[in-house]
Structure formats: C-alpha cells, structure tokens
*Asks:* 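Before we start, here is the structure in question, set down as structure tokens.
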Amino acid sequence: MMSLPPSSSDAPVASFHGLSRPVQRWIRDKGWTNLRPVQAEAIGAVLGSDTDIIITAATAGGKTEAAFLPLLSDALDRPAEGGGFDLVYVGPLKALITDQALRLEGMLEKTELAVHPWHGDVAKTRKDRALKSPGGVLLITPESLEAIFVLRGREVPGLFAGTRAIVIDELHTFLDSDRGVHLRSLLTRLDIAVGRRVRRVGLSATLGEMELVRSYLNPDAPDTVRMIADAGGGQELQVQLRGYVEPGENGSGPSNEVAITRHLFDRLRGTRNLVFAGSRQNVEGYADRLARMCEREKVPVEFLPHHGSLSRDRRAHVEDTLREGRVPLTAICTSTLELGIDIGDVVCVGQIGAPFSVAALRQRLGRSGRRAGEPAILRMYVDMPKLGPQSNPIDRLRLDLVQAVAMIDLLTEGWCEPPAPGTLNLSTLTHQILSVIAGRGGASAARLYKMLCERGPFRSVDQALFLTLLRDLGRPDTALIEQSSDGLLLLGEAGERIVAHYSFYAVFKTPEEYRLLAAGREIGTMPVTTVLAPGMTLVFAGRRWRIVEIDDIGKVIELAPSKEGRPPRFAGDGGAIHDDVRARMCDVLEGRMKEPMPRYLDAAARDALALARGDYDRLRLRGTGMVGIEEKKTLVAPWAGTIRTTTLSLALRDRGLSVEADGAVLEVPCGLENLRIEHLPTIYECGLALSHETGGMLVFDKFHEYLSPSLLIRDALSSRLDRQALGPMIKALLAERCP
DNA sequence: GACCTGCTGCGGTTTG
C-alpha cells in the first residue's frame with residue numbers, strides 16, 4: 001500500500017483514493033510517495049466538476065500527470081457513451097507528441113485504453129488503425145486536426161462523439177499567434193460538430209495576464225475557468241549583465257565578439273548550458289569561434305549550434321547529448337530550445353544581446369536551476385559599438401544595454417507581455433472559410449459567419465466586413481470560392497488546387513528553401529532569398545564549407561569542407577517590442593528605478609550606462625521626447641512599442657519625411673520648430689492616411705495575397721498599426737514637459 | 001533587429 005506523508009492537508013490522500021484502480025496501481029508502481037500539490041488539486045477539480053481548467057507549473061513540474069491521472073481515471077471508470085476518442089491532446093510540436101504518447105502508454109499499459117499519436121511523421125497504417133477503432137487518447141497537432149476536418153469532415157461527429165476533454169499543452173505558445181487562432185477555430189468547429197461543448201484543459205509553464213488566458217479557453221464564460229498553479233516561485237535568480245565596448249582607435253585588444261567568446265569558453269566549459277544568440281547567423285558565428293578556440297587549446301569541442309535550419313539529425317544529436325548528460329555540452333541556440341522538449345536541467349542560461357520579449361527571457365530562464373536548492377543563472381552579454389566624436393547621438397544612448405536592463409527589471413517584477421486581443425486575422429479567417437467549405441462540400445455565407453465569427457474566434461469581424469472578404473475571395477482573378485445557383489458557396493478553381501495540396505493545413509507561411517548536402521547527407525536548409533554562388537564559403541552546422549554546386553531547379557546545394565567561411569545571413573522579419581518595455585527603457589535612462597545602478601551590471605556595463613545617461617541629459621531628451629540635433633534633423637523619442645512607433649513613422653512618411661526603421665528613437669529629417677509647429681499638428685488633425693499603394697505593401701500572412709488593399713489596411717490596423725494611439729502620442733510630444 | 005511551428009495521397013521499390 002502506498003503511504004502518503006501527512007502533508008499540510010489531507011487533500012492528497014482524498015485525491016489518491018478518488019482515482020480508479022489501474023491509475024492508483026501505476027502511481028504505486030512508480031514508487032511515488034506523495035502527489036504534488038498541483039496534482040492533488042487538479043485531481044479534485046477534474047473529478048469534482050466539469051469546468052475548464054488551466055494548470056500552470058514549472059517545467060518538469062508534473063503538469064501532464066496532473067491533467068491525465070484524473071482524466072484517464074474518469075475514462076476508465078465511466079466508458080464514453082458516444083464512442084470515438086475519449087480524450088484529445090493537442091501539442092505544438094511533433095517531438096512533444098511522441099514524448100507524451102510514450103508517457104501515456106506507460107500509464108495505460110495494463111488497461112484497455114489505447115494511445116494514438118497522430119502527426120506528419122506517424123505512419124499511415126497507424127493512423128488507419130486509429131480511424132478504424134477510435135478510442136482512448138488521440139495526441140495530435142493543430143495541422144493534423146485540420147487535415148481531418150478537410151479530408152474526413154463527415155466522420156468528425158463520430159470520431160469525437162464521446163470525447164470528454166481536450167488537453168492543450170504549452171498553452172502559452174497558442175495565445176497570441178495565428179496558430180492559436182487556428183486552434184481556437186478548430187475547437188469551436190469540433191464543438192459544433194458534436195453538438196455540445198467539450199471541456200478544455202490547458203497546460204502551461206508561464207502565463208501573463210490570467211484574464212486573457214481564461215478567455216482564450218472559454219471566451220463566453222472566462223470567469224468559470226479554474227486556475228491551478230503551483231506555489232513554486234521563491235526560486236533564487238542569479239543575474240550578471242556584462243557590457244563589452246570595443247577598444248578605442250589606438251587601443252589594442254580583442255573585438256567584442258572575441259572577448260565574449262573567450263568568456264563563454266572559460267565559464268561554461270565542463271558543464272551543460274544553453275546560450276541564446278539571437279539569430280541563426282550569430283549562432284553559427286559563436287559556435288564557429290568557440291569550436292576553433294577548443295581546437296587551439298587542444299580540448300574536446302563542447303559547443304554545438306542548434307537552430308531551425310539544421311537537419312533533424314544535427315538537432316537530435318545536440319538534444320540527446322544534453323538530455324543524457326554523460327559529457328559536458330553547451331548548445332549555442334535560437335528559440336528552438338525554448339519550447340517543451342525535455343533536455344534535462346542546465347547549469348546556466350546565456351543570452352547574447354537583449355531578447356525581443358520578457359516572456360521569451362522568462363521561458364529560457366526556466367531551463368536552468370530546476371533542481372531544488374539550485375539557483376537559476378542568467379548571464380547576459382551586450383556587445384556595444386565603439387564611440388567616437390562622429391558617432392550618432394542615438395548610438396550614444398546604448399539602447400541595447402538599456403533594453404536589456406529594462407527587461408531584467410520587468411522580469412524580476414514578474415511581468416511579461418500579455419496577448420493582444422481584437423485582431424481581425426483575415427488570413428487565418430480565409431483559411432478557415434476554405435477549410436469549412438472543403439470539409440462539408442459547400443456552405444452558406446450565413447452558416448460560415450455563424451460558425452467562424454459568432455461562435456468562433458473571429459469575433460472582431462462584423463457581417464459587412466465578412467461579406468467584403470467573401471467578395472474578394474470570389475473575384476474571378478482570385479477564384480478561391482464561387483457561388484452555386486442555389487446560393488451555396490463552393491471552392492473555386494484556385495481554391496480547389498490550394499486545399500488539395502498538403503501545404504494547406506498550416507495557417508503560417510513558410511519560405512522556399514534549398515537543401516544543403518555534404519557528402520550526400522543533408523545537414524540543413526537555407527532560404528532561397530539568401531544570395532549564394534558556387535565557390536562561396538560559409539559556416540554552417542558548426543563547420544566551414546565551400547559551395548560546390550547549386551541546383552536551382554531541384555533546390556539543392558552541394559557543399560565540400562573548407563578552411564575558410566563566414567556565417568551566412570538568413571531571412572528574417574523583424575520583431576515587435578511591447579509598449580511597457582519601451583516605457584521602462586525611458587525609466588532606466590532617467591534613473592527612475594528601485595536601484596538606479598543595478599548590482600548585476602559589471603564595471604563596463606555600469607560605465608556605459610552612466611555615460612549613456614549623461615548623453616541623454618546633455619541632449620535634453622529628459623522630459624521632452626524631442627530634440628533638434630542639426631538644422632534639419634530632430635530626434636523623436638516616443639518611448640512606445642513597435643506598433644505605435646511604426647504608426648508614427650508611417651504618418652511622418654505621409655508628410656514626406658523619410659524616417660528610417662522603427663527603433664526606440666526616430667531620426668526625423670526636419671528642424672525641431674518645423675516639426676513642432678507644422679508637421680505634428682497636421683498629423684494630429686488628419687490622422688494616418690493609408691493609401692491603396694500602402695495597402696499593397698501590407699502583405700505579410702499566408703492568404704494576404706488574395707485580399708484587396710482596403711482589407712489589407714484593415715487587417716494591419718487591427719494588429720500591426722495603432723491609429724488611435726497617434727493623437728495621444730503627438731499630444732504628449734507637443735506638451736512642454738521640460739522644467 | 002528574429003525566431004519557431006506543420007503537412008496527404010499515391011506511385012514506386014524492397015523485403016518477408
């Protein structure tokens with residue numbers, strides 16, 4: 001008999017006894033002496049009610065068991081009435097589904113319940129078996145679920161008739177993305193197909209604002225969603241931020257990159273670590289420098305690159321070596337190692353340059369210090385260009401360093417970016433319109449509207465907008481849909497072709513790529529937009545190569561080993577920084593912090609921050625937000641996030657002022673008085689004028705190419721631009737705030 | 001100044 005320690009309450013004991021026999025036996029066989037508080041609470045909540053539930057706990061905190069022990073127990077004790085799969089698990093990664101299926105198979109070994117993993121790498125025979133006798137647990141990706149709706153629309157009601165809950169793993173990855181909207185749409189369509197609402201259980205490690213998370217799961221009754229969180233917290237966080245400034249013109253010494261490489265080599269060798277380097281190019285650059293340093297010092301190479309363009313083999317090797325933990329290894333990586341695949345515990349997390357979001361920083365940090373009593377260690381490195389008398393005033397503000405400090409500050413306060421509601425997501429809506437029509441062999445406009453916009457996630461789309469969208473999709477030159485004589489909407493010629501191809505199922509866009517072959521083996525891929533030619537050398541997968549041949553039709557590049565090479569550029573599409581991060585950057589420059597010179601800064605970072613604050617004051621930016629630096633050049637610092645800053649720079653461009661980029665501080669080619677008296681008041685009066693020409697430039701998402709400029713503008717205004725913010729921003733800039 | 005995620009049906013060949 002399992003003995004449970006007399007913990008703070010007898011809840012765990014009650015929870016244990018509420019479980020079915022086979023599940024109790026599994027727990028006992030595992031040798032568990034008690035249930036974690038989250039698990040005990042989840043068992044009570046799942047068995048004692050039918051509300052939606054969100055379970056949050058640290059990575060490896062036992063969330064999967066917390067959800068599945070009671071759900072499986074219920075499925076064993078009360079066999080489903082309607083037939084079909086008893087439980088559905090939706091996960092964002094194929095690797096995660098494979099992992100979780102193995103765990104569930106272990107739990108269900110001595111029972112009748114089957115486990116059906118289902119994603120692109122699962123054999124067709126296995127899927128056929130699941131369809132022939134659906135039951136037990138289906139573990140699936142949103143895209144594979146989409147494929148079931150499109151290809152087997154008529155079978156959906158039967159497959160899920162008896163499903164008692166849908167478990168969504170890594171819920172945070174679905175909150176604020178096209179893919180998240182896609183999943184919500186599929187869940188609503190599933191509810192409609194079975195004629196009742198299927199309970200949802202979300203699992204997540206880190207979540208921002210709870211209210212928004214609740215309404216993701218249940219937009220009609222967010223208050224009924226029960227939150228179960230582990231007390232956890234209280235974990236010690238050790239942070240160091242090291243600043244690197246290139247030596248002066250006559251100074252000698254290593255470059256910043258070499259100095260940072262040296263520090264990583266000295267501190268991380270001999271243990272397991274993750275270093276997030278920001279871009280694939282940077283990952284390859286640091287991995288190459290570290291490997292050469294190991295060779296020069298005649299020690300084994302303990303640093304390997306990991307990013308999304310490397311082949312599955314290369315990535316698996318790094319993941320397996322980390323997880324097994326037999327030899328020391330530091331992975332230099334992009335956000336690939338941020339998600340839930342189990343790689344074990346690492347000693348420290350390195351971060352080169354400020355990241356794009358506090359949420360990502362928090363997620364990355366969760367990879368270290370997972371054992372009781374061990375701190376989470378963050379080492380941040382900021383590479384700062386050399387300054388001279390000719391340097392741009394914006395460079396003097398050291399905005400990278402300031403952003404890094406602002407983010408660490410927000411992180412320690414427990415803040416992270418909340419999802420942004422109210423977006424239209426017209427590209428994803430187009431996708432779902434095509435999917436519903438394909439799955440049902442036709443649908444009326446009224447039915448589509450009710451399904452997708454009234455009950456589904458596209459609630460910001462009103463009827464008029466919906467009809468405009470349908471007209472766009474039905475235009476002869478678009479031909480995605482057409483109307484039959486009795487008014488039913490059917491797929492058009494182009495629609496048929498697009499839905500029939502396997503690339504339809506995902507809502508996100510993927511660029512075309514070359515495959516890179518070395519000695520006949522694929523080592524990774526490169527976007528076709530990268531400029532490459534035979535004879536060029538490059539660093540890839542931590543080694544140096546020469547391009548032997550490029551096959552433009554087969555999209556294959558052959559490589560041979562080389563002694564030279566530079567890391568190649570990959571295509572990228574710019575990130576969005578949140579308003580609160582930029583506001584905190586202003587606080588950092590103006591010294592409005594609990595600890596104005598944080599202790600976690602090293603001497604070089606302190607010096608750089610002190611100098612940046614001095615320059616900020618000398619520029620007289622404090623309290624004004626605008627300063628003329630030349631006769632026809634003004635700096636504008638709205639301290640707003642990417643969306644609001646981009647809106648302002650577009651409005652300035654409407655006035656004929658070409659503004660570069662969308663950094664925290666804008667350089668406007670115009671005198672201060674002219675800007676203050678003429679341009680800004682005019683923009684305040686007239687707002688942002690978006691022409692059809694601008695609309696043509698707003699093609700970002702997968703189905704945008706089929707939309708007219710006016711719809712593209714409306715889509716952008718709901719997610720990438722903020723017209724309403726323009727007035728208040730200008731008012732703040734024009735207000736005399738100086739002493 | 002960026003990163004990540006996903007995918008079916010069918011025809012052909014090999015193996016037991």
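Throughout, a chain's letter reflects where its sequence line sits, starting with A, and its residues are numbered from 1.
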*Asks:* Side-chain N or O of A:T141 less than 4.0 angstrom from OP1 or OP2 on B:dT5?
*Replies:* no
*Asks:* Using a heavy-atom cut-off of 4.0 Å across all strands, would you classify A:A277 as base, sugar-phosphate, or nothing?
*Replies:* nothing
*Asks:* Rounded to whole Å, how long is the line connecting atom CZ of A:F174 with atom P of B:dG6?
*Replies:* 10 Å
*Asks:* Tell me whether the OP1 or OP2 atom of B:dA2 has a side-chain N or O from A:R280 closer than 4.0 Å.
*Replies:* no
*Asks:* When the distance from NZ of A:K509 to C1' of B:dC4 is rounded to whole Å, what number comes out?
*Replies:* 16 Å
*Asks:* State whether A:T334 places a side-chain N or O below 4.0 Å from either non-bridging phosphate oxygen (OP1 or OP2) of B:dA2.
*Replies:* no
*Asks:* Write down the distance between CD (A:E284) and C1' (B:dA2), rounded to a whole number of angstrom.
*Replies:* 16 Å
*Asks:* Without placing hydrogens or testing angles, list every side-chain donor-acceptor pair under 3.5 Å for residues 495-502 of chain A, not counting sequence neighbours.
*Replies:*
residue	atom	partner	partner atom	Å
A:H501	ND1	A:S503	N	3.1
A:H501	ND1	A:S503	OG	2.7

*Asks:* Could you give the NE2-to-P distance, from A:H307 to B:dC4, as a whole number of Å?
*Replies:* 8 Å
*Asks:* Expressed as a whole number of angstroms, how long is the span from A:K94:NZ to B:dT5:C1'?
*Replies:* 10 Å
*Asks:* Measure the distance from CD1 on A:I394 to C1' on B:dG1 and round it to the nearest whole Å.
*Replies:* 14 Å
*Asks:* Hey, which of these two, A:H501 or A:D400, hits DNA chain B nearer its 5' end, going by closest nucleotide?
*Replies:* A:D400
*Asks:* Where do A:H307 and A:F570 land on the ring-ring contact (aromatic ring centres under 6.0 Å, His included) test, with the steps shown first?
*Replies:* CA-CA 11 Å; A:H307 56 74; A:F570 296 78; 5.6 Å; yes
*Asks:* Counting only pairs under 3.5 Å, give me each side-chain donor-acceptor contact of residues 391-410 of chain A, with atom names and distances, residues two or more places apart or in other chains.
*Replies:*
residue	atom	partner	partner atom	Å
A:S391	OG	A:G388	N	2.7
A:S391	OG	A:G388	O	3.1
A:N392	OD1	A:I394	N	2.7
A:N392	ND2	A:E667	OE2	3.0
A:R396	NH2	A:G388	O	2.8
A:R398	NH1	A:P385	O	2.8
A:R398	NH2	A:P385	O	3.1
A:Q403	NE2	A:P355	O	3.1
A:D409	OD2	A:R584	NH1	3.0

*Asks:* Could you give the CZ-to-C1' distance, from A:F570 to B:dA2, as a whole number of Å?
*Replies:* 12 Å
*Asks:* Rounded to the nearest Å, what distance is computed from the CZ atom of residue A:R582 to the C1' atom of nucleotide B:dG1?
*Replies:* 10 Å
*Asks:* Tell me every residue that passes side-chain hydrogen bond (donor to acceptor under 3.5 Å, both in side chains) with A:D715, counting only those two or more places apart in sequence or in another chain.
*Replies:* A:H704
*Asks:* Taking everything shown except A:R566 itself, do over 12 heavy atoms lie less than 6.0 Å from its CZ?
*Replies:* no
*Asks:* Which one, B:dG6, B:dC4, B:dA2, comes nearest to the side chain of A:F356?
*Replies:* B:dA2
*Asks:* Just call it for A:R312: base, sugar-phosphate, or nothing, with non-hydrogen atoms closer than 4.0 Å on any strand.
*Replies:* nothing
*Asks:* Apply ring pair (Phe, Tyr, Trp, His ring centres under 6.0 Å) to A:H116 and list each qualifying residue two or more places apart in sequence or on a separate chain.
*Replies:* A:F85
*Asks:* Please determine, for the side chain of A:S503, which listed nucleotide (B:dG1, B:dC7, B:dT5) has the closest atom?
*Replies:* B:dC7
*Asks:* Within the sub-3.5 Å range, which N or O atoms of nucleotides 8-16 of chain B have a protein N or O partner, and how far apart are they?
*Replies:*
residue	atom	partner	partner atom	Å
B:dT8	OP2	A:K127	NZ	3.2

*Asks:* Could you say whether the aromatic ring of A:F504 and the base of B:dC7 stack, counting only centre distances under 5.5 Å and plane angles under 30°?
*Replies:* no
*Asks:* Return the set of residues passing ring pair (Phe, Tyr, Trp, His ring centres under 6.0 Å) with A:F703 (not counting sequence neighbours), or none when no residue passes.
*Replies:* A:H431
